[in-house]
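Throughout, numbering of the chain's residues begins at 1 and tracks the sequence.
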Amino acid sequence: MTHPVLTSAAMERAALLLVDMNRSHLDHEIGHLLVAKPDADRIIRAAVKVREAWAAARRPVIFVRTHHRWNSDTGEVIDNRNPFWMAQHKAPIPGLAKPRKTLAVEGAAVTEVVPQLAPRPGEHTVFKHRYSPFHNTDLELLLKNLGTETLVIGGVNTNNCVLCTCFEAFNRDFRVVLMPDVCASMNGADYHDASLKLIEAALGWLVPSADVIAACGAGGTA
């Protein structure tokens, strides 16, 4: 099945944007800010299939990764000094029952994309320091140069980085398509579900990954 929004014209000028598919969120051997293991397995499995279909269709694949610069003298992050973010350190993470701490520093293994989705030659990576993949990054310039009009999005966490990505893309007049089965939240299913409702009501289309794969194979609907 191909979703009606994924027309041939939309697919021709579409890019796949995978947000924070990092070991921090998805690798239960070394991660800390983890989505539940069944969610991690589901996301990786679905994303691998979408990525393969997307690559076969020769459309752009973009990974967004988060890392922070670290001051080893003070033991503090340099480039995220938001008061709320700083106040949350060592506090319990809602839904996760772990204290929040910064491990995603520049060069740390947890910032890597999970091995199953490791970026390939010809694919693109954008590094961000906030929830938004557009804020002080070259993502918008990259999308402009690729001729992108539609963003097909998946990633973690649905209620912060993915939600912010959808808002920011909407505000820049991109067609927003979110794959709900390629998303999850470390804060739990309630946060994930609430974010999906908001996105569907105000920002873009919710399209299962199977429909996206079908559109890749069919070149989109007529």
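Applying the side-chain hydrogen bond (donor to acceptor under 3.5 Å, both in side chains) test to residues at least two apart or on different chains, the pairs with a partner in residues 141-156 are Arg13-Glu149, Thr150-Arg175. Within the structure, salt bridge (charged side-chain N to carboxylate O under 4.0 Å, His left out) contacts touching residues 158-167 (residues at least two apart or in different chains) do not occur. Among residues at least two apart or in separate chains, there is no ring pair (Phe, Tyr, Trp, His ring centres under 6.0 Å) pair with a member in residues 142-183.
With sequence neighbours excluded, the residues satisfying side-chain contact (heavy atoms from CB on, under 4.5 Å) with Thr137 are Val126, Lys128, Leu139. Among residues two or more places apart in sequence or in another chain, the salt bridge (Lys or Arg N to Asp or Glu O under 4.0 Å) test is passed with Asp39 by Arg42. The salt bridge (Lys or Arg N to Asp or Glu O under 4.0 Å) check on Arg120 picks up Glu52, with sequence neighbours excluded. For Lys197, the salt bridge (Lys or Arg N to Asp or Glu O under 4.0 Å) test picks out no residue, with sequence neighbours left out. The side-chain contact (heavy atoms from CB on, under 4.5 Å) check on His124 picks up Ile62, Leu142, Leu146, with sequence neighbours excluded. With sequence neighbours excluded, the residues that form a side-chain contact (heavy atoms from CB on, under 4.5 Å) with Ala109 are Arg23, Ile30, Glu112. Asp190 meets the salt bridge (Lys or Arg N to Asp or Glu O under 4.0 Å) test with no other residue; sequence neighbours excluded. Shown here are the side-chain contact (heavy atoms from CB on, under 4.5 Å) partners of Pro92, two or more places apart in sequence or in another chain: there are none.
Counting only heavy atoms from C-beta outward, the side chains of Cys183 and His192 approach each other to under 4.5 Å. Taking the side chain as every heavy atom from C-beta outward, Asn22 and Val113 approach each other to under 4.5 Å. Taking 4.5 Å as the limit, some side-chain heavy atom of Arg51 sits within range of a side-chain heavy atom of Glu123. Side-chain contact between Phe134 and Asn171 is absent, with no heavy atoms from C-beta onward closer than 4.5 Å. Counting only heavy atoms from C-beta outward, the side chains of Asn160 and Tyr191 never approach each other to under 4.5 Å. A 4.5 Å side-chain heavy-atom check between Met179 and Val50 finds at least one atom pair inside the cut-off.
Val156 and Leu18 fall within the same hydrophobic cluster, defined by Ile, Leu, Val, Met, Phe, Trp and Tyr side-chain heavy atoms under 4.5 Å apart, directly or through other members. Under the 4.5 Å side-chain contact rule for hydrophobic residues, Val19 and Tyr131 do not share a cluster. Note on Leu26: it clusters hydrophobically with Val182, by side-chain heavy-atom contacts below 4.5 Å among ILVMFWY residues. Grouping the Ile, Leu, Val, Met, Phe, Trp and Tyr side chains by contacts below 4.5 angstrom, directly or via other members, places Met11 apart from Val176. The hydrophobic clustering, which links ILVMFWY residues whose side-chain heavy atoms are closer than 4.5 Å, places Leu151 and Phe63 apart.
Interatomic distance, Ile153 CD1 to Cys161 SG, rounded to the nearest 0.5 Å: 12.0 Å. Note that CD of Gln116 and CG of Asp27 are 8.0 Å apart. Values are rounded to the nearest 0.5 Å. Expressed to the nearest 0.5 Å, how far OG of Ser209 lies from CD1 of Ile43 amounts to 11.0 Å. The line from OG of Ser24 to CE of Met186 is 8.0 Å long, rounded to the nearest 0.5 Å. In this structure, SG in Cys216 is found 14.0 Å from NZ in Lys49, a value given to the nearest 0.5 Å. With rounding to the nearest 0.5 angstrom, the CG atom of Asn157 is 7.5 Å from the CG atom of Leu33.
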Margin query: Applying side chain to side chain contact (heavy atoms under 4.5 Å, CB included) to Arg65 and Met21, what does each step give before you reach the verdict?
Written below: CA-CA 7 Å; Arg65 291 172 55 188; Met21 304 292 267; over 6 Å; no

Next item on the list: Quick one: do Thr66 and Thr111 satisfy side chain to side chain contact (heavy atoms under 4.5 Å, CB included)? Show the steps, please.
Entry: CA-CA 6 Å; Thr66 299; Thr111 71; over 6 Å; no

Next item on the list: Assess whether side chain to side chain contact (heavy atoms under 4.5 Å, CB included) is satisfied between Leu6 and Trp205, documenting all intermediate values.
Entry: CA-CA 10 Å; Leu6 299 177; Trp205 290 267; over 6 Å; no

Next item on the list: Test side chain to side chain contact (heavy atoms under 4.5 Å, CB included) on Leu178 and Leu196 and set out the steps.
Entry: CA-CA 9 Å; Leu178 180 70; Leu196 294 182; 3.6 Å; yes

Check: Would His25 and His32 count as a ring-ring contact (aromatic ring centres under 6.0 Å, His included) if you check the C-alpha gap in whole Å, the side-chain angles of each, and the deciding distance to 0.1 Å?
Finding: CA-CA 7 Å; His25 293 309; His32 181 67; over 10 Å; no

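Through side-chain heavy atoms spaced under 4.5 Å, either directly or across other Ile, Leu, Val, Met, Phe, Trp or Tyr residues, Leu34 is tied to no other residue.
Considering Leu163, Asp193, Thr158, Asn159 as possible partners of Leu198, the one that fulfils the side-chain contact (heavy atoms from CB on, under 4.5 Å) test is Leu163.
The shortest heavy-atom contact between Pro60 and Ala14 is CD-O, 3.4 Å.
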